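Here the structure is laid out as structure tokens; the discussion comes afterwards.
Note that this is a predicted model, so its numbers are computed, not measured. Index from 1, following the sequence.
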Amino acid sequence: MVDVELDQDYYNRGIFVRRNAHTPLNDVADILDGIEDEADKLLADLLAILDCTEID
């Protein structure tokens, strides 16, 4: 078994990063909602095109 020694600031750095992670990630949900809306529009347009070009 390997004995690992962590420096004194290991946990403090981790806590700091987790505490501040919410700021950069704050807009992710809104960005993903926008992408989903755009994908839905593209899919609707594609389905409309496919419906118009079907061979009977």
Side-chain angles (χ1 to χ4, degrees):
M1 178 173 229
V2 177
D3 191 23
V4 178
E5 289 187 36
L6 303 175
D7 64 283
Q8 295 295 324
D9 291 328
Y10 175 80
Y11 292 104
N12 291 333
R13 286 193 309 269
I15 291 168
F16 177 78
V17 169
R18 284 187 290 283
R19 185 178 296 142
N20 294 314
H22 69 88
T23 303
L25 299 176
N26 216 14
D27 297 331
V28 170
D30 293 334
I31 292 168
L32 292 177
D33 286 342
I35 292 170
E36 183 179 22
D37 292 343
E38 189 64 29
D40 288 342
K41 289 177 192 175
L42 290 171
L43 178 59
D45 290 346
L46 177 61
L47 291 174
I49 290 168
L50 292 175
D51 284 342
C52 291
T53 60
E54 283 186 14
I55 299 173
D56 292 324

dist Asp27:CG -> Asp33:CG (nearest 0.5 Å) comes out at 11.5 Å

Between Val4 and Tyr10, is there a shared hydrophobic cluster once you connect ILVMFWY residues whose side-chain heavy atoms come closer than 4.5 Å? yes

What distance separates Leu32 CG from Asp37 CG, expressed to the nearest 0.5 Å? 11.0 Å

Atom CG in Asp7, atom CZ in Arg13: separation rounded to 0.5 Å? 4.5 Å

Output the distance between atom CG (Asp40) and atom CD1 (Ile35), rounded to the nearest 0.5 Å. 12.0 Å

Between CG of Asp51 and CG of Leu46, what distance do you get to the nearest 0.5 Å? 9.5 Å

Say you draw a straight line from CG of Leu42 to CG of Leu47; how long is it, rounded to the nearest 0.5 Å? 11.0 Å

Over 12 non-hydrogen atoms of neighbours within 6.0 angstrom of CZ in Arg19: no

